[in-house]
Amino acid sequence: MSYTHAAASDVESVMDADYGAMWFLRDALATEDLGVTILELEPGARGKEHDHDHDGQEEVYVCVRGLVDVDFDGGADADGGETVRLAENEAVRVSANQTRQLQNRGEERAKLVLVGTTPDA
């Protein structure tokens, strides 16, 4: 059979526990072109603002628990920015050059699955 099994418990979280947890599963799954990450954000926590212009990676964020806001270009309060709120079982695809930041503005711990790949992979 040709498959690899992995769990968040197989790897260390790369996030301070006060903010939630983030487990990169790419190495544990031995994927070559696909990144898979499980992210949990405590209420009030946010991820790093970033883009992937340098490596061309597009990403899909799937909310599996709670609510999470995806702020684009600084969010709805910024000039020219937008915010997309993801509820459970909703997803958004983000282009590589789009600046984004995940924020949990809800009242419960949010959980997402993040998937990333380069279009030429």
Side-chain angles (χ1 to χ4, degrees):
M1 294 195 181
S2 182
Y3 69 88
T4 307
H5 175 263
S9 59
D10 294 337
V11 298
E12 294 288 325
S13 172
V14 298
M15 181 180 277
D16 184 317
D18 289 341
Y19 301 104
M22 185 174 202
W23 301 276
F24 293 118
L25 297 179
R26 180 187 295 251
D27 291 342
L29 290 169
T31 63
E32 294 180 24
D33 300 316
L34 181 69
V36 178
T37 301
I38 298 172
L39 173 64
E40 294 185 357
L41 287 174
E42 292 290 347
R46 63 182 171 208
K48 177 182 173 184
E49 184 175 44
H50 71 288
D51 64 45
H52 282 277
D53 207 24
H54 63 283
D55 62 8
Q57 177 174 284
E58 64 180 349
E59 296 178 323
V60 173
Y61 303 150
V62 182
C63 182
V64 295
R65 184 177 64 230
L67 295 170
V68 69
D69 289 341
V70 185
D71 292 335
F72 298 107
D73 297 326
D77 294 334
D79 185 35
E82 293 183 34
T83 296
V84 172
R85 174 159 285 177
L86 295 178
E88 292 180 15
N89 301 316
E90 292 183 344
V92 64
R93 183 199 63 82
V94 186
S95 298
N97 62 346
Q98 178 63 60
T99 301
R100 80 292 304 261
Q101 183 175 35
L102 297 168
Q103 295 202 42
N104 181 355
R105 294 184 176 104
E107 297 180 10
E108 68 176 294
R109 188 171 174 127
K111 185 173 188 176
L112 298 99
V113 175
L114 317 175
V115 181
T117 189
T118 54
D120 297 330

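In terms of heavy atoms, Leu86 sits closest to Tyr61 at CD1-O, 3.8 Å. Minimum heavy-atom separation, Ser13 to Ala21: OG-CA, 3.4 Å. The minimum heavy-atom distance linking Val11 with Ala28 is given by the pair CG1-CB, 3.9 Å.
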### Message
Does Phe72 form a side-chain contact (heavy atoms from CB on, under 4.5 Å) with Thr99? I'd like the steps, not just the answer.
### Response
CA-CA 6 Å; Phe72 298 107; Thr99 301; over 6 Å; no
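Taking the side chain as every heavy atom from C-beta outward, Tyr19 and Leu41 never approach each other to under 4.5 Å. Counting only heavy atoms from C-beta outward, the side chains of Val115 and Val62 never approach each other to under 4.5 Å. At least one side-chain heavy atom of Leu102 sits under 4.5 Å from a side-chain heavy atom of Leu39. Between Leu112 and Val68 there is a side-chain heavy-atom pair separated by less than 4.5 Å. Looking at His52 and Arg100, their side chains come closer than 4.5 Å, going by heavy atoms from C-beta outward. Within the 4.5 Å cutoff, the side chain of Arg46 has no heavy atoms near those of the Arg105 side chain. Taking the side chain as every heavy atom from C-beta outward, Val60 and Val92 never approach each other to under 4.5 Å. Between Val84 and Asp69 the shortest side-chain heavy-atom distance does not fall below 4.5 Å.
Although no hydrogens or angles enter the test, the distance criterion places no donor-acceptor pair under 3.5 Å between the side chain of Asp16 and the main chain of Gly20. Within the 3.5 Å criterion, the main-chain N or O of Asp33 finds no donor-acceptor partner in the side chain of Thr31. Checking side-chain atoms of Thr37 against main-chain N and O of Phe24 turns up no donor-acceptor pair under 3.5 Å. Judged by distance alone, the side chain of Glu88 and the main-chain N or O of Gly66 form a donor-acceptor pair under 3.5 Å. For the pair Glu58 (side chain) and Ala96 (backbone), a donor-acceptor distance under 3.5 Å is absent.
Distance check: Ile38 CD1 to Met22 CE gives 11.0 Å after rounding to the nearest 0.5 Å. Rounding to the nearest 0.5 angstrom, the gap separating the CD atom in Glu49 from the CG atom in Asp73 is 8.0 Å. From Cys63, atom SG reaches atom NZ of Lys111 across 11.0 Å, with rounding to the nearest 0.5 Å. The CG atom of Leu25 sits 10.0 Å away from atom NE2 of His5, with the distance rounded to the nearest 0.5 Å. Here the straight-line distance linking atom CG of Leu67 with atom CD of Glu90 works out to 8.5 Å at 0.5 Å rounding. Of the inter-residue distances, the one linking Glu42 atom CD with Glu107 atom CD reads 13.5 Å to the nearest 0.5 angstrom.
Within 6.0 Å of the CG atom in Asp55, the count of heavy atoms belonging to other residues, nucleotides or ligands exceeds 12.
Residues Val113 and Val94 do not share a hydrophobic cluster, defined by chaining ILVMFWY side chains whose heavy atoms lie under 4.5 Å apart. Taking hydrophobic clusters as Ile, Leu, Val, Met, Phe, Trp and Tyr residues chained together by side-chain heavy-atom distances below 4.5 Å, Leu34 shares a cluster with Trp23.
Checked for salt-bridge contact, Arg26 and Glu32 miss the test: no charged N lies under 4.0 Å from a carboxylate O. For the pair Arg93 and Glu59, the salt-bridge criterion is not met [side-chain N within less than 4.0 Å of a carboxylate O].
In this structure, a donor-acceptor pair under 3.5 Å is present between the side chains of Thr83 and Asp71. Checking Asp51 against Gln98 by side-chain atom types alone, no donor-acceptor pair falls below 3.5 Å.
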